Amino acid sequence: MAVNFFESIRKAILDYDEEAVAKLVKEALESGLSPLEVMNKGLAKAITEVGNLFGEEKIFLTELMLAANACIAGVEIVKRKILESKTEAGKPKGVIVIGTVKGDIHNIGKDIVKALLEASGFEVHDIGIDQPAENFARKAAEVNADIVASSALLTTSRPQQKIIEEKLKETGIREKVKTIIGGGATDREWAEEIGCDFYAVDASEGVRIIREICEAGRR
Ligand code: B12
């Protein structure tokens, strides 16, 4: 039963058991659960719980890292499954530059957004983690991007998203692109404050917004 998979994945992450997480995620997907369901109700929920324990100083950083590695073992399988569903070839639906901002090495959420976008037929340029704002702007100019998407999970790193807005202006391409932010340190108010066009609470919403922007054919 689905509920048991989620609970088993949770337990395996709390036990830092990479092999068990990978096995359970495979089984959950084989049982017919969707990759996003396994991600949201299984992996993401459990790692958020671990993050809260860390925030409350109930576990140490080493333990957070072990749990993150166990979670990533499952995320890799989910990503592969998402990409398997990519059927459409041909002209990309839009060009996206995505990355995690400078000072921030969290990549699990960004990678899920990337996998979903690729599976949905977008051309995605992932500049990676810990990326200075100028790299977002430079890449966007180079690939003639429609969208610049940035992820921030640390309150100390999210000001970088404001700098991205500035660098896009300096590069002279702010009018040509739409910007979208996501990650736990961000919200709609922050997007409005820095002049970012969109905020998405999760990967599905992000892909929906990006699809709508590109379909509107603003270029
Ligand atoms: C896993 C994790 C780690 C792992 C990261 C591994 C990796 N490869 O990513 C490790 C152990 C390395 C780590 C390190 C640190 N972490 Co950490 N980490 C987490 C944790 C537990 C989970 C994050 C995660 O992956 N969630 C699962 C994914 C799927 O969710 P997500 O990232 O939110 O992404 C979803 C949406 O937000 C959205 N999304 C995300 N990005 C984007 C981008 C776009 C464009 C769009 C549209 C959508 C979108 O879509 C995703 C899927 O739906 C969080 C807790 C939390 N509540 O977030 C803490 C957390 C983010 N970490 C925290 C901290 C403090 C740190 C450290 C500073 C700890 C330390 N003392 O060293 C370091 C920072 C290192 C650095 N310079 O970045 C704090 C941040 C506090 C704050 N507000 O600033 C948190 C909140 C934990 C806590 N409660 O204290 N961390």
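Note that the coordinates shown come from a computational prediction; the quantities given were computed from them, not determined experimentally. Both counts, for ligands and for their atoms, begin at 1 and track the order of listing.
Looking at heavy atoms from C-beta onward, Y199 lies out of side-chain contact with I209 at the 4.5 angstrom threshold. Side-chain contact between N52 and K58 is absent, with no heavy atoms from C-beta onward closer than 4.5 Å. When side chains are defined from C-beta on, K102 does not count as touching S157, because their heavy atoms never get closer than 4.5 Å. At least one side-chain heavy atom of M39 sits less than 4.5 Å from a side-chain heavy atom of I108. Contact annotation: the side chain of V38 never approaches that of S34 to less than 4.5 Å [non-hydrogen atoms, C-beta and beyond].
Closest to atom 82 (C) of ligand 1, if we only count protein heavy atoms, is T155 OG1, 3.6 Å. Nearest non-hydrogen protein atom to atom 45 (C) of ligand 1 is A149 CB, 3.5 Å. Protein heavy atom in closest approach to atom 72 (O) of ligand 1: L61 CD2, 3.6 Å. For atom 8 (N) of ligand 1, the closest non-hydrogen atom on the protein side is N107 OD1, 2.7 Å. Of all protein heavy atoms, the one lying nearest to atom 38 (C) of ligand 1 is D202 CA, 3.8 Å. Among all protein heavy atoms, the one lying closest to atom 36 (C) of ligand 1 is V201 O, 3.5 Å. Residue, atom and distance of the protein heavy atom nearest to atom 79 (C) of ligand 1 are L154 CD2, 4.4 Å. Closest to atom 33 (O) of ligand 1, if we only count protein heavy atoms, is G184 N, 4.1 Å.
Ion pair E37/K41 flagged as a salt bridge, since at least one NZ, NE, NH1 or NH2 atom sits closer than 4.0 Å to an Asp/Glu carboxylate oxygen. The pair K167-E170 meets the salt-bridge criterion, since a charged nitrogen lies less than 4.0 angstrom from a carboxylate oxygen. Note on K110 versus D126: salt bridge recorded, some NZ/NE/NH1/NH2 to OD/OE distance being below 4.0 Å. Here K79 pairs with D111 in a salt bridge; the nearest charged N to carboxylate O distance falls below 4.0 Å. In summary, E166 and K162 engage in a salt bridge, as defined by a charged side-chain N under 4.0 Å from a carboxylate O. Looking at D197 and R174, a side-chain N of the basic residue comes within less than 4.0 Å of a carboxylate O on the acidic one, giving a salt bridge.
For atom 67 (C) of ligand 1, the nearest protein heavy atom lies 4.0 Å or farther away. The presence of a protein heavy atom under 4.0 Å from atom 49 (C) of ligand 1 is confirmed. Taking a distance limit of 4.0 Å, we find that atom 56 (C) of ligand 1 is approached by no protein heavy atom. In this structure, atom 86 (C) of ligand 1 has no protein heavy-atom contact shorter than 4.0 Å.
Distances between N or O atoms of I105 and those of ligand 1 include at least one value under 3.5 Å. Ligand 1 has no nitrogen or oxygen under 3.5 angstrom from a nitrogen or oxygen of N40. Below 3.5 Å of separation, one finds no N or O of L64 facing any N or O of ligand 1. Backbone and side-chain nitrogen or oxygen atoms of G51 are examined, and one is located within less than 3.5 angstrom of a nitrogen or oxygen of ligand 1. The shortest N/O to N/O separation between T156 and ligand 1 does not fall below 3.5 Å. Geometrically, ligand 1 and S151 share a nitrogen or oxygen pair separated by less than 3.5 Å.
Put simply, the residue from I96, V113, V124, I82 that forms a side-chain contact (heavy atoms from CB on, under 4.5 Å) with E118 is V124.
Residue G183 holds the heavy atom nearest to atom 37 (O) of ligand 1 of all those in G55, G183, A203. Here atom 23 (C) of ligand 1 lies nearest to L153 when heavy atoms of L153, I98, I47 are compared. The closest heavy-atom contact to atom 11 (C) of ligand 1, among the options E49, M39, M65, comes from M65. By heavy-atom distance, the residue among Q161, K110, H106 lying nearest atom 5 (C) of ligand 1 is H106. Within the set A68, G109, A44, the minimum heavy-atom distance to atom 31 (P) of ligand 1 is found for G109.
Side-chain N or O atoms of T100 include one that pairs as donor or acceptor with a backbone N or O of H106 at under 3.5 Å.
A donor and an acceptor atom, one from each side chain of S150 and Q160, are nowhere located under 3.5 Å apart.
For ligand 1, the atoms sitting less than 4.0 Å from at least one non-hydrogen atom of A200 are 47 (C), numbered in the order shown with element in parentheses. Those atoms of ligand 1 with a heavy atom of G103 less than 4.0 angstrom away are 76 (C), 77 (N), 78 (O). Residue-ligand proximity, D104 to ligand 1, at heavy-atom distances under 4.0 Å covers atoms 78 (O). Ligand-side atoms of ligand 1 in range of V113: 46 (C), 48 (C), 49 (C), 50 (O), range being under 4.0 angstrom from any heavy atom.
The closest approach between any non-hydrogen atom of A185 and ligand 1 is not below 4.0 Å. Under a 4.0 angstrom heavy-atom cut-off, I72 registers as being in contact with ligand 1.
Both L61 and V50 sit in one connected hydrophobic cluster of ILVMFWY residues. Membership requires side-chain heavy atoms under 4.5 Å apart, directly or through other members.
The two residues I112 and A203 make their nearest non-hydrogen contact at CG2-CB, 3.7 Å.
The number of heavy-atom neighbours closer than 6.0 Å to CD of E56, taken from other residues, nucleotides and ligands shown, is above 12.
Counting heavy atoms under 4.0 Å from ligand 1, residue S150 touches it through the backbone alone.
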